[in-house]
Amino acid sequence: MSTLDFRRASRVADAVAWLREEPDAKLLAGGQTLLAAMRLRLAAPSLLIDLQALPELQGLREDGAQLWVGAMCTHASIAASPLVRQRLPGLARLAAGIADQQVRNRGTLGGSIANADPAACWPAGVLALGATVVTDRRSLSADDFFQGMFSTALEPDEVLLGLRFPMAPRLHYLKFEQPASRFALTGVAVARAADGVRVAITGLGHGVCRWTEAEAALSARFDPAVLGALTLSPERAGTDLHASAAYRAHLAGVLTRRAVLQHLTSTP
Ligand SMILES: Cc1cc2nc3c(=O)[nH]c(=O)nc-3n(C[C@H](O)[C@H](O)[C@H](O)COP(=O)(O)OP(=O)(O)OC[C@H]3O[C@@H](n4cnc5c(N)ncnc54)[C@H](O)[C@@H]3O)c2cc1C
């Protein structure tokens, strides 16, 4: 039987060194995905590297026109943060809608985007806002970071430190929930700034993606009516036991229209 070691890193450099020494090591954030995968024998790391004690991965602060959110910030702490609620309320609402209170209390922003579940909520908000992903060695745009289903630009020995979110755009995220988990059967994030609109879709099955045709139409005229002539191709979606590709693609259109309406009818 294989053994499992556990270490708590007190320096980012130690976490990186341990990842290099032990190819089967895994970083442990909130454990909400990783521990479930281990229980189901889908993952069998030889070493768990706990990130809780790393100060670089903690904290939420305003940094000029940007909001810094440490990778180890939990969904619950982001949802409850007065700073996020005031400066990027759409992000706080997104966090508040993830899973249930227990998962929100443990699950982290960094764990969610490193995992890049194709039905997760954070990737849509991060991509729509055009956030910057900061790791121990570089900064990446959200467009470069997400690379498909459970796939990111992170190297096996790379540690995500946190994200920088621009605070200028307003964000509305809507999802049609898978009722048991609250993961997105389809979820749409619409971010509107002075220089244009970005639309990111999660839940289609192949990883988070942008809907550039909707972005162009909405950047020209921010009105749900401009989406009337647009449909998302079902080829961009997948079919599983929960929904067909055609249904998911249809939901993407409906949710985008509703998110635009929310922008037009709600206060920030
Ligand atoms: C019942 C249930 C319902 C859920 N519903 C939703 C939902 O509605 N919407 C949603 O978006 N999510 C949902 N989730 C997922 C939840 O948000 C998880 O918290 C998240 O996917 C993983 O975060 P974590 O901190 O627990 O990461 P972990 O499970 O600890 O780690 C996940 C992966 O990320 C890697 N990792 C973690 N931190 C870092 C880092 N700093 N640098 C590099 N790699 C890192 C780990 O090595 C691991 O491979 C749900 C989960 C459960 C159990």
Side-chain angles (χ1 to χ4, degrees), residues 6-9 12 15-16 18-19 22-40 42-59 69-79 91 93-127 133-138 140 145-146 149-163 173-187 189 200-203 207-208 242:
F6 176 91
R7 291 180 214 161
R8 176 163 290 167
V12 173
V16 173
W18 296 341
L19 284 170
E22 192 77 48
D24 291 333
K26 277 274 182 198
L27 300 173
L28 176 67
Q32 297 304 295
T33 297
L34 181 54
L35 298 185
M38 289 169 66
R39 261 201 311 273
L40 293 168
L42 297 171
S46 54
L47 167 65
L48 285 179
I49 303 169
D50 184 2
L51 301 174
Q52 304 237 20
L54 295 173
E56 295 92 332
L57 277 65
Q58 303 285 348
V69 186
M72 286 297 285
C73 288
T74 62
H75 312 320
S77 69
I78 298 168
L91 213 57
R93 287 192 296 266
L94 179 153
I98 290 176
D100 49 58
Q101 190 65 49
Q102 281 178 315
V103 172
R104 288 195 294 276
N105 283 344
R106 300 295 308 173
T108 65
L109 169 62
S112 174
I113 72 155
N115 192 49
D117 188 303
C121 303
W122 276 119
V126 167
L127 187 60
V133 180
V134 181
T135 77
D136 64 293
R137 65 201 66 168
R138 56 184 171 156
L140 287 153
F145 180 79
F146 295 110
M149 178 164 51
F150 296 113
S151 177
T152 72
L154 283 177
E155 298 292 338
D157 64 349
E158 197 164 6
V159 179
L160 208 156
L161 303 184
L163 281 91
Y173 171 70
L174 289 177
K175 63 177 167 177
F176 192 83
E177 293 176 354
Q178 203 279 351
S181 67
R182 301 191 73 190
F183 269 111
L185 205 59
T186 299
I201 308 181
T202 186
V208 69
H242 298 298

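Whatever order the structure lists them in is the order used to number ligands and atoms, beginning at 1.
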Participant: Number the atoms of ligand 1 from 1 as they appear, then name those within less than 4.0 Å of a heavy atom of L51, with their elements.
Facilitator: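 Counting from 1, the qualifying ligand atoms are 38 (N), 39 (C), 40 (C), 41 (N).
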Participant: Going by distance only, is there an N or O of R106 that falls short of 3.5 Å from an N or O of ligand 1?
Facilitator: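 So ligand 1 has no N or O lying under 3.5 Å from an N or O of R106.
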Participant: Are any of the N/O atoms on L34, whether in the backbone or the side chain, positioned under 3.5 angstrom from an N/O atom of ligand 1?
Facilitator: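 So ligand 1 has an N or O lying under 3.5 Å from an N or O of L34.
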Participant: Compute the shortest N/O to N/O distance between I98 and ligand 1 and return yes if it is under 3.5 Å, no if not.
Facilitator: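 No, I98 has no N/O under 3.5 Å of an N/O on ligand 1.
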Participant: Nearest heavy-atom pair of A124 and A200: which atoms, and what distance?
Facilitator: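 A124 and A200 have their closest heavy atoms at O-CB, 3.4 Å.
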Participant: Tell me whether D100 has any N or O atom under 3.5 angstrom from an N or O of ligand 1.
Facilitator: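 Min N/O separation from ligand 1 is not below 3.5 Å for D100.
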Participant: Using the rule side-chain contact (heavy atoms from CB on, under 4.5 Å), only one of L154, V126, V208 pairs with F145; which is it?
Facilitator: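 Of all the options given, the one that passes is L154.
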Participant: Pairs of nitrogen or oxygen atoms closer than 3.5 Å, one from L57 and one from ligand 1: do any exist?
Facilitator: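 No; every N/O pair is 3.5 Å or more apart.
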Participant: In this structure, does ligand 1 have an atom that sits under 4.0 Å from one of the heavy atoms of R104?
Facilitator: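 For ligand 1, residue contact (heavy atoms, under 4.0 Å) with R104 is absent.
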Participant: Identify, by atom number and element, the atoms of ligand 1 in contact range of R182, meaning under 4.0 Å from any of its heavy atoms.
Facilitator: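 In order of numbering, the contacting atoms are 7 (C), 8 (O).
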Participant: Mind listing the closest non-hydrogen atom pair of L185 and H242 along with its distance?
Facilitator: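 Residues L185 and H242, closest heavy atoms: CD1-CB, 3.5 Å.
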Participant: With a cut-off of 4.0 Å, which atoms of ligand 1 are near a heavy atom of G107?
Facilitator: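 Per the distance check, 19 (O), 25 (O), 26 (O).
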Participant: Return the minimal non-hydrogen interatomic distance between A9 and A53, and the atom names on each side.
Facilitator: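 Nearest pair, atom of A9 first, then A53: O-CB, 3.6 Å.
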Participant: What are the two closest heavy atoms between A95 and R104, and how far apart are they?
Facilitator: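 Looking at all heavy atoms of both residues, the shortest contact is O-CD, 3.3 Å.
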Participant: Look only at the side chain of K175 and the backbone of G97, and say whether a donor-acceptor pair between them is shorter than 3.5 Å.
Facilitator: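 Yes: the side chain of K175 pairs with the backbone of G97.
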Participant: Where the closest heavy atom to atom 33 (C) of ligand 1 is concerned, which of G97, G111, A99 has it?
Facilitator: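 It is G111 that holds the nearest heavy atom.
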Participant: Got an N/O contact under 3.5 Å between G110 and ligand 1?
Facilitator: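 Among all N and O atoms of G110, none is under 3.5 Å from an N or O of ligand 1.
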Participant: Mark yes or no for whether Q178, through its side chain, and S181, through its backbone, hold a donor-acceptor pair below 3.5 Å.
Facilitator: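 Indeed, once roles are kept as given, a pair shorter than 3.5 Å links the two residues.
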Participant: For ligand 1, which atoms have a heavy atom of K175 less than 4.0 angstrom away?
Facilitator: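 Heavy-atom distances to K175 below 4.0 Å select 8 (O).
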Participant: Is there a polar contact, in the sense of an N or O pair closer than 3.5 Å, between Q32 and ligand 1?
Facilitator: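 Yes.
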Participant: Can a donor-acceptor pair be found, under 3.5 Å and without considering hydrogens, that links the side chain of T202 to the backbone of P118?
Facilitator: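 Yes; judged by distance alone, with no hydrogens or angles, the pair exists.
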Participant: Polar-atom distance check: G31 versus ligand 1, any N or O pair below 3.5 Å?
Facilitator: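 The answer is yes, given that G31 and ligand 1 share an N or O pair closer than 3.5 Å.
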Participant: Could you work out, for atom 41 (N) of ligand 1, the closest of L160, T202, T152, L154 by heavy-atom distance?
Facilitator: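 Looking at heavy atoms only, the winner is L160.
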Participant: Can a donor-acceptor pair be found, under 3.5 Å and without considering hydrogens, that links the side chain of D136 to the backbone of V159?
Facilitator: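 Pair found, side chain donor or acceptor close to backbone of V159.
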Participant: If we only count N/O pairs under 3.5 Å, is G30 in contact with ligand 1?
Facilitator: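 Min N/O separation from ligand 1 is below 3.5 Å for G30.
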Participant: Do any N/O atoms on A71 end up under 3.5 angstrom from N/O atoms on ligand 1?
Facilitator: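 Checking ligand 1 against A71, no N or O pair falls under 3.5 Å apart.
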